[in-house]
Number of protein chains: 2
Amino acid sequence: MAEERLYSSYLFLLESLELPTTIPILEEQPDKVEAVLRVTENFVKKVLKESPHLIPPQPLKKVEILQKMIKEEYITYKVIGTVSSIFTEPNGTPRQGSMAPLTRCKITFLKWVVPEVALKELSEFSHCLVYFKFHLNTNTVYHPLVVPPKRGEKTSVFATRSPHRPNNIGMTVAKIIRVGKDELYLGGIDLVDGTPIVDIKPYTYADSIQADTLQVPDWLNNSSSIKSIVKFDESVFPKLKQLVPTPFYSTLNDFVDVVEEVLALDIRTIHMQQKHTVKRYGVLIDHINVTFVQSGDQEVTVVDVEKCETAKFHSKE
Amino acid sequence: MAEERLYSSYLFLLESLELPTTIPILEEQPDKVEAVLRVTENFVKKVLKESPHLIPPQPLKKVEILQKMIKEEYITYKVIGTVSSIFTEPNGTPRQGSMAPLTRCKITFLKWVVPEVALKELSEFSHCLVYFKFHLNTNTVYHPLVVPPKRGEKTSVFATRSPHRPNNIGMTVAKIIRVGKDELYLGGIDLVDGTPIVDIKPYTYADSIQADTLQVPDWLNNSSSIKSIVKFDESVFPKLKQLVPTPFYSTLNDFVDVVEEVLALDIRTIHMQQKHTVKRYGVLIDHINVTFVQSGDQEVTVVDVEKCETAKFHSKE
């Protein structure tokens with residue numbers, strides 16, 4: 001793994017400096033060999049000194065990024081809008097929005113897009129594709145292998161929907177609930193509050209692959225199909241009555257239904273399922289901290305709800 | 001339409017200059033009002049003088065783009081690979097790759113992505129989502145309304161898959177034919193040769209909406225379902241035997257099948273169907289110029305094939 005990262009970083013560095021990346025070409029251009037070796041040596045020395053376990057893939061200065069951008073090796077997108085969601089943090093956000101159809105968000109568009117004109121006829125479609133930036137990514141290192149939470153093993157990054165990929169672009173399929181003037185209300189979503197949006201496309205028949213034609217690996221099949229039973233402690237309901245209406249759910253039942261949907265998906269990673277001893281977790285849904293305990297192998301019980309901006313019990317120890 | 005473009009350009013200009021876009025805020029900041037008015041006046045004067053019918057939406061200098069990029073109002077993606085396709089120009093390229101499953105392309109990935117590691121396990125999926133740049137766009141003006149070729153009427157841009165949108169990002173669903181070391185072979189494609197790729201994601205059940213749940217407008221339904229009959233002039237087959245094998249199709253039958261598939265989709269726009277009097281067209285498929293005539297209302301006949309880099313008879317007059 002360390003060698004792969006080093007190799008990737010080295011190749012990226014060479015390409016950034018417009019130096020050849022293959023040995024035969026290097027041999028044909030002996031005057032460049034020394035430059036490559038000197039730059040590489042200094043680069044590796046510097047990085048290993050600063051952080052022995054990490055190799056940054058982007059040693060480029062901003063000016064160099066600009067130079068590459070002008071040459072169109074980089075593609076630049078403008079943010080067109082921003083998400084307001086019932087999910088304020090990745091923890092608890094469904095990995096597949098379609099499995100939790102009662103979840104809700106809205107996208108508010110920037111004025112220069114002229115959304116009242118550009119969006120209007122999207123209302124003739126039932127679903128849309130939402131393209132966004134994984135804005136909460138903290139990684140600055142590109143890995144060709146990632147560990148999907150529901151698999152728990154290293155997997156080729158392009159064979160996953162991991163947010164940690166060469167370009168931090170995400171896509172989700174959502175139900176169109178309502179097209180407003182400069183807002184779009186969506187259902188069945190996995191978008192976190194504050195997510196920057198870069199495009200909306202209508203979903204057409206060409207985007208749909210019939211189930212009998214589609215094949216996915218077993219690990220993905222299995223992780224999607226198992227659902228937990230969600231119970232509520234009796235003490236929760238009087239508290240809930242004090243908390244609703246929320247921005248997205250106006251009745252007690254609406255909110256209870258969405259909590260059931262979200263927790264039934266088992267939001268824990270393989271690691272959390274295997275390693276955690278304190279089986280008490282918190283998840284923020286629509287600014288309400290929902291505390292629950294793992295009450296059985298495939299059963300969770302909601303034990304508390306509280307209006308809150310940050311989850312008190314996080315799904316980690 | 002002119003007012004919408006002017007309004008969009010004006011708002012974008014204000015945002016670019018970090019000036020407020022709403023009247024109330026302008027009123028609260030009287031020192032900025034004069035600057036806004038002066039800049040706007042000069043901008044409008046200049047643009048109207050240079051080109052009375054066009055308002056450019058991006059009057060920003062490169063340095064200003066860099067400033068905005070650093071502030072994360074812009075998102076920058078690196079190209080990860082490039083398409084080699086049987087389609088070398090937009091003319092003839094299917095609007096929906098899934099309707100022409102015999103079409104082929106390959107994506108060659110850049111080395112810094114370490115494709116032999118990053119791609120490998122994608123082979124466990126039958127389909128993938130391909131994210132790319134619409135690199136042949138020549139428009140520099142953003143329009144909130146566009147005219148889809150198969151509709152022929154102005155339509156809200158987010159309700160279309162038009163390449164001319166706020167961000168030139170495209171997406172297509174493709175069949176995975178083979179995962180190579182640093183190459184990915186795809187089928188059922190609508191990608192033009194030279195297209196820059198920004199991401200590949202595996203297609204999962206969550207991306208698929210069942211036909212009974214999905215709704216699209218009638219104009220899209222109708223344009224997708226009608227297929228033409230494709231006939232071949234007898235004189236074509238001896239010529240074809242001289243031309244194959246091509247890079248993607250090794251036998252005569254393979255190539256004939258893909259020509260049938262592509263032409264059955266009726267590659268003409270509404271405008272071409274209604275206005276053209278000379279019903280003779282050319283389309284480049286796998287570097288072979290296929291000349292065909294509209295021999296009936298829903299019937300075309302291939303009359304010539306020729307190894308060629310540019311189509312001789314273009315689908316326009």
Side-chain angles (χ1 to χ4, degrees), chain A residues 4 7-8 11-12 15 21 62 66 69-70 73-80 96 98 111-114 117-122 124-127 129 131 133 144-145 155-159 161 165-167 169 171 173 198-209 214-217 220 224, chain B residues 4 7-8 11-12 15 21 62 66 69-70 73-80 96 98 111-114 117-122 124-127 129 131 133 144-145 155-159 161 165-167 169 171 173 198-209 214-217 220 224:
Chain A
E4 284 153 15
Y7 181 58
S8 171
L11 290 175
F12 187 78
E15 288 186 5
T21 53
K62 293 285 181 188
L66 180 66
M69 201 177 75
I70 292 167
E73 291 170 35
Y74 280 68
I75 301 168
T76 307
Y77 292 122
K78 298 192 285 273
V79 174
I80 62 165
Q96 307 182 332
S98 60
K111 286 185 183 176
W112 68 265
V113 179
V114 199
V117 179
L119 273 180
K120 195 179 168 213
E121 290 178 90
L122 187 59
E124 293 173 31
F125 293 82
S126 60
H127 293 75
L129 305 163
Y131 300 82
K133 178 187 175 183
L145 292 173
T155 310
S156 300
V157 66
F158 291 128
R161 298 292 276 264
R165 49 205 315 117
N167 291 309
I169 186 160
M171 192 280 284
V173 175
V198 294
D199 200 8
I200 302 287
K201 294 184 199 288
Y203 192 104
T204 74
Y205 289 110
D207 301 310
S208 199
I209 303 293
L214 186 61
Q215 284 168 34
V216 303
L220 195 66
S224 307
Chain B
E4 283 153 13
Y7 181 58
S8 170
L11 291 174
F12 187 78
E15 288 185 6
T21 54
K62 293 285 181 188
L66 181 66
M69 202 177 75
I70 292 166
E73 292 170 34
Y74 280 67
I75 301 168
T76 306
Y77 292 123
K78 298 192 285 274
V79 174
I80 63 166
Q96 305 184 330
S98 60
K111 286 185 183 175
W112 67 265
V113 178
V114 199
V117 179
L119 274 180
K120 195 178 168 215
E121 290 178 271
L122 187 59
E124 294 172 30
F125 292 83
S126 60
H127 293 75
L129 304 163
Y131 300 83
K133 177 187 176 184
L145 293 172
T155 310
S156 299
V157 66
F158 291 128
R161 297 292 275 265
R165 49 206 314 117
N167 291 309
I169 187 161
M171 192 281 283
V173 175
V198 295
D199 201 8
I200 302 287
K201 294 183 197 289
Y203 192 104
T204 74
Y205 288 109
D207 301 311
S208 200
I209 303 292
L214 185 61
Q215 285 167 32
V216 304
L220 195 66
S224 307

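Since we're looking at a predicted model, the values are computed, not measured.
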**Message:** Donor-acceptor pair, distance only, cut-off 3.5 Å: does the side chain of B/Arg161 make one with the backbone of A/Tyr203?
**Reply:** no
**Complete:** Heaviest contributor of heavy-atom pairs below 4.5 Å to chain A, chosen from B/Leu129, B/Asn167, B/Thr155, is B/Asn167
**Prompt:** Under a 4.5 Å cut-off applied to non-hydrogen side-chain atoms, are B/Asp207 and A/Asp207 in contact?
**Reply:** no
**Request:** Give a yes or no answer on whether the side chain of A/Glu124 reaches the backbone of B/Pro217 with a donor-acceptor pair at less than 3.5 Å.
**Result:** no
**Message:** Restricting to non-hydrogen atoms, name the atom on A/Leu220 and the atom on B/Thr204 that form the minimum distance, rounded to 0.1 Å.
**Reply:** CD2-CG2, 3.4 Å
**Prompt:** Does any N or O in the side chain of A/Glu121 come within less than 3.5 Å of the main-chain N or O of B/Ala159, such that one atom is a donor and the other an acceptor?
**Reply:** no
**Request:** For B/Ile200 and A/Arg165, work out which heavy atoms get closest and say how close.
**Result:** O-NH2, 2.8 Å
**Asked** Where do A/Gln215 and B/Ser126 come nearest, in terms of heavy atoms and distance?
**Response** N-OG, 2.7 Å
**Message:** Using a 4.5 angstrom heavy-atom cutoff, name the option from B/Leu122, B/Asp199, B/Ile209, B/Leu119 with the most pairs to chain A.
**Reply:** B/Ile209
**Request:** Classify the angle between the aromatic ring planes of B/Tyr131 and A/Tyr131 as parallel (below 30°), tilted (30 to 60°) or perpendicular (above 60°).
**Result:** perpendicular
**Engaged part of A/Ser98 at the chain B interface, taking heavy atoms whose separation is under 4.5 Å** = side chain
**Item:** Distance, nearest 0.5 Å, that separates CD1 of A/Ile75 from OH of B/Tyr77
**Value:** 10.0 Å
**Message:** Please check this pair: side chain of B/Ser208 against backbone of A/Ser208, looking for a donor-acceptor N/O pair closer than 3.5 Å.
**Reply:** no
